[in-house]
Structure formats: C-alpha cells, structure tokens
Amino acid sequence: MLNRELWRSRPEVVQKALEARRSEAPLDELRQADERFRKLQAELDGKKAELNRRSREVGALFSAGKREEGEALRRSLGELSKSIAELEKELTAVRGEVERLELFLPNIPHPSVPEGKDERSNRVERVWGEPPRFAFQPRSHWDLGPALGILDFERAGRIAGARFAVLWGQGAALERALITFMLDLHRSRGWREVYVPFLVNRECLVGTGQLPKFAEDLFRVEGTDFYLVPTAEVPVTNLHRGEILEEETLPRRYCAYTPCFRAEAGSYGRDVRGLIRQHQFDKVELVHLATPETSYQELEVLTHQAEAVLQALGLAYRVVTLCTGDMGFAAAKTYDLEVWLPGQGCYREISSCSNCEDFQARRAELKYRPKGGGKAQYLHTLNGSGLAVGRTLIAILENYQQEDGSVVIPEALRRYLGGQELLAPEP
RNA sequence: GGAGGGGUGGCCGAGCGGCUAAAGGCAGCGGUCUUGAAAACCGCCAUCCCGCAAGGGAUCAAGGGUUCGAAUCCCUUCCCCUCCGCCA
C-alpha cells in the first residue's frame, strides 16, 4: 500500500508510476471516493461532537438533581443520534471503497529501475561463471530425468494432473539434499531459519500483496479461509504482523523452506514441458526486515546470498534488474538471478530478489521503534529465493550431464547424499 | 467435539453505564541532585482519521445490538488458557 499522503498530494507521481508499470489501477476512482470520504468525515465529526457535548450535559443535569431538564434534553437527542447512525453507515461504505481501491495500487519503482514495458528492457548487471561446453548435444531435463528414472510426469498426471511431478529414488533424495544444503548455507552465514504453516489466512496474502488483485493465482481450501502458500514470503513476512520491533534488532534476516502452490491460471501453453512451471514446487526463501536507511544495502546482501548458492553449486548465471513493466506488484526494485540451462540454451529465472520498501509493511502493520524512542515507523521488507529448488535440480541435471546420460553431482552436495558422486540410471 | 475462564496502552494490571483515553506499576524520555553513575524527587510518555490551524472525531480482540450516552449491558465471530473426549 502506498502512503496516502503521496497519492493525495502528488497524484501525478503515482500516475507516472502506473504508466511505467503498464498498470490500470483505478487512481481516479480512488481519488473521487477519497474526496467523498473526507467530506463525510468532517460532517459526521461535527455532529458527533455536538452529541457528545450534549450527552454529557444530560449526565450533569441528572447528577445535579435537575431531573426534568435532563429528561427533556435526553428526549431531544434521539433524532440527532439517529442521523449520526445513518451518516455513519454511509461513511463506512465510502471508507470501505477507499480502502478497497487503495489495495489495487502497485508500488512505486525505485529511480534506479530501468523503464520499459517487458523483459527486453531488463538490465544485465553481471554475469558469473562460464556456460559449460559439451562435445555432444546437451539434453533437456525432461529427457534426462525420465531416462535416469528419477523424474516421472506420467504418474504425477495420474495422481494429480498436469504441472505436477513425481521424483523417484535419487531424484527425491537430491531434492531433499538441495533443501538442506541451502538452509545450512544460509544458517551458517547468520540467517535465522524458521518453519512456518503452509496454509495462511487471507490477511497475510493482503499483507504481502497477493490479494485482492491476484486471487486467481492462488489455491484456496474450499470451505475455509485458508490458502496454500504461493511462496514462503507470505507467512514469513507476516510473522511480525502488528508488532513493533526495536531498531537494535534490525536487520532481521530469515530463511525458510516451504513448498509453494500456484494455480498458474493464464499460463496455459507456457513451459508445459518439464519442471519449470509447476503447481507445486519447493523453495528456500530469504526474507529481510530492515530500516529504510539500510534496505537497499540489504537488497545487495540478500541477492549476493542467493548468488552464493549458485556459486557453491558451480552453476553459471547472470543478474538482471527488472524493468518497470516486468516487476511484481509489491516490489520497488527487483534483481532476478537467471541460471544457464544448456538443454534450453538460455538463461532462466531461478531467484527473484526484491525490496518492497514499506509497501508490504503498511499492509501488514510491520513497524519498528527507532533507537532512543520516538514514533514507531514502518520498516522495509525484502524477499528473495535462495533458491527455487526444482529449478536448481533442473540446472544440475542439464549442466552436469554427461554423454552417457549420467549426471555428476556437484561437490558441495555430495555430503548430503552419502558421498555419492554420480547420478546413474535407476532400474 | 464438550465444560469453564479470559482478551484493556511498549509490557503488567485496575476499571464493570456519564466524573475514564482510561488508576497504579514497570520500561522509556527530559530535569533536579551528583565529579560521574545509581538511588530519591519532579515532569513528559498510546495509536489512527479529518483539519492550514484552533480544534474535533475514532479506537479497551472483531462485528452487530440496547441507550441521550458503552471499555463497562446483550448477541455473534475469532484468538488464548484450563479440564474432558478424539487424534498423527
């Protein structure tokens, strides 16, 4: 959510941001509703002030023993009381409208974000590692995986449907090893691990910005107020909802593993093959809570931490800054990490690291108390994948494949697989 | 699922129809005192909304109701605690 002051007093700034994002958020409608809201509020407050004053008089008259005068005044207030109730109803409706519309305004991009309408305007910041060279035609993971007997889309389709996968044997173990490996790496560098519910309530999703606008991307458990988490960002960022944290305890750096569930509505026909786009996937997430002064520093820290995972695994990647038209709703600035996939012959997103500034903090009531006291302030929230586990598994298969179809296990991972060095076909 | 108890300011806790935005304590901030600190004493110290301001309004888990007037009475929901039942 944006600061109300901003769209009230400088709507042109917000309008410009909306255009840069190619957003059709209802700014004009919002401002009209707000206009009505303020008028009603002033009118109602005046009437309430009068009622309050005269109600106190009633009490005073009675306690002074002036029963008749008090009784007369009491009777005369009925109408005022009624008209207040009516106005109040109206105000509630208008306020509700303002609050509803407000939730549809996306965050304002940071000045350092490149302008552009789609991913072609993203800016490459740096490239790490060399894509491996093969003396043969490298295969894609959807060929390698089933051939190794570790990836099974057919049976996944049978027990669930499209966009699900079954991992067998070494594949299942590799997935689990990756999760543990990533969490260990983050913990060893000071991130605090947290294990959270995989179902969350509606307020959390409003807090991080998935709702109300992106309901069709989510799975909801029928007959309940629970949603399956689309990312650990949701439960973890909302952990301190309604709290006021001491500045001394900032920044907070958290990491969490959760499965993620996404409806992927509207992505029919995109990435239908393989593990790229699934309804369910594992992810280790990094979440930072920071002061406004340090949040952009923290974005660098967070991004470098996500990169450390790729580096430890020896996977070539590049870092791009998303342009205004490609950024997510809540983000002010986003770096994507794109890993090299030899089977596809391109870089593919494997992590997305964002500073949401105070956008989520306003929605989720996340505040901190400045050093030496003073008014509580909204803090800044950041999140990033560290990393998407399924896509990491893909990257390993495709980058470490050998001509005979076996796959070398990256050094750093071997201790998590009982010293195993090679993925060879399973019976 | 059944029975009971409870949700008040950063924290603890009193209030149980008008004199209460809310006693008291703790924490915090400022001051007196002190070489400095502690102690003692004095003062300040919730959030949000409208308003240029003066000021006004709202908020005692949430929503509804009774009333001229509700933190206080009634109803509903949510959450927490205790006991019983069931359960991985």
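Quick note on labels: first sequence line is chain A, next is B, and so on, each numbered from 1.
- Listed nucleotides: B:rU47, B:rG69, B:rA58. Nearest to the side chain of A:Leu51: B:rG69.
- Separating the C1' atom of B:rC41 from that of B:rC33 is a span of 9 Å, rounded to the nearest Å.
- Rounded to a whole Å, the NZ atom of A:Lys47 is 17 Å from the C1' atom of B:rC50.
- Straight-line distance from the CG atom of A:Leu87 to the P atom of B:rC50: 17 Å, rounded to whole Å.
- Here A:Lys39 lies out of heavy-atom contact (under 4.0 Å) with every strand.
- Atoms CG and CG, from A:Leu18 and A:Leu105 in turn, are 6.5 Å apart once rounded to the nearest 0.5 Å.
- Salt bridge present: A:Arg75 and A:Glu71 bring a charged side-chain N and a carboxylate O closer than 4.0 Å.
- When the C1' atom is used for both B:rU34 and B:rA39, the distance is 11 Å, rounded to whole Å.
- The CD atom of A:Glu203 sits 12 Å away from the P atom of B:rG63 (whole-angstrom rounding).
- Note that the CZ atom of A:Phe261 and the CZ atom of A:Phe219 stand 9.0 Å from one another [nearest 0.5 Å].
- Remark: A:Ser63 is not in phosphate contact with B:rG18, judged by side-chain N or O atoms under 4.0 Å from OP1 or OP2.
- Between the C1' atom of B:rG56 and the CG atom of A:Leu91 lies a distance of 14 Å, rounded to the nearest Å.
- Atom name P, nucleotides B:rG63 and B:rA53: the rounded distance is 28 Å, in whole Å.
- If you measure from atom CD1 of A:Ile84 to atom P of B:rA58, you get 9 Å, rounded to the nearest angstrom.
- The CG atom of A:Leu422 lies 8.5 Å from the CZ atom of A:Arg414; values are rounded to the nearest 0.5 Å.
- Mapping A:Ala60 and A:Ala376 onto RNA chain B by nearest heavy atom places A:Ala60 closer to the 5' end of the strand.
- B:rU82 is paired with B:rA3 under the Watson-Crick or G-U wobble criterion, all donor-acceptor distances under 3.5 Å.
- Distance from the side chain of A:Arg74 is smallest for B:rU67 among the nucleotides B:rU67, B:rG69, B:rG18.
- Here the nucleotide nearest the side chain of A:Arg38, chosen from B:rC50, B:rG56, B:rC68, is B:rC50.
- Listed nucleotides: B:rG51, B:rG69, B:rC49. Nearest to the side chain of A:Gln41: B:rC49.
- The partner of B:rG10, taking Watson-Crick or G-U wobble pairs whose two distances both stay under 3.5 Å, is B:rC26.
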key: Worked verdict on A:Glu264 versus A:Arg163 for salt bridge (charged side-chain N to carboxylate O under 4.0 Å, His left out)   = CA-CA 9 Å; A:Glu264 294 297 349; A:Arg163 294 206 190 284; 5.8 Å; no
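- With hydrogens and angles ignored, no donor-acceptor pair closer than 3.5 Å exists between the side chain of A:Asp45 and the base of B:rG57.
- Atom CG in A:Leu44 sits about 21 Å away from atom P in B:rG55, given to the nearest Å.
- B:rC78 atom P lies 13 Å from atom CG of A:Asn201, rounded to whole Å.
- Taking the P atom of each, B:rC16 and B:rG1 are spaced 35 Å apart, rounded to whole Å.
- Across all strands shown, the partner of B:rC41 is B:rG31, judged by Watson-Crick or G-U wobble contacts whose two distances both fall under 3.5 Å.
- Using P as the reference atom, B:rA71 and B:rA23 are 15 Å apart when rounded to the nearest Å.
- Within the cation-pi definition used here (under 6.0 Å to the ring centroid, within 45° of the axis), A:Lys367 qualifies as a partner of A:Tyr378.
- Following rounding to the nearest Å, A:Phe37 (CZ) and B:rC49 (C1') show an atom-to-atom distance of 6 Å.
- Look at A:Asn52 and you won't find any side-chain N or O under 4.0 angstrom from OP1 or OP2 of B:rG69.
- Across B:rC60 and B:rG43, the matching P atoms stand 30 Å from one another, rounded to whole Å.
- Residue A:Arg369 is the one, among A:Arg369 and A:Lys48, whose nearest nucleotide of RNA chain B lies closer to the 5' end (criterion: closest heavy atom).
- Taking atom P in both B:rA58 and B:rU72, the straight-line distance is 15 Å, to the nearest Å.
- Put simply, A:Lys367 has a side-chain N or O that comes within less than 4.0 Å of OP1 or OP2 on B:rC48.
- In the set B:rG51, B:rG69, B:rG18, B:rG18 carries the atom at the smallest distance from any side-chain atom of A:Val58.
- Taking the C1' atoms as reference points, B:rU66 lies 7 Å from B:rC74, given to the whole Å.
- A salt bridge between A:Glu19 and A:Arg22 is absent, with no side-chain N of the basic residue lying under 4.0 Å from a carboxylate O of the acidic one.
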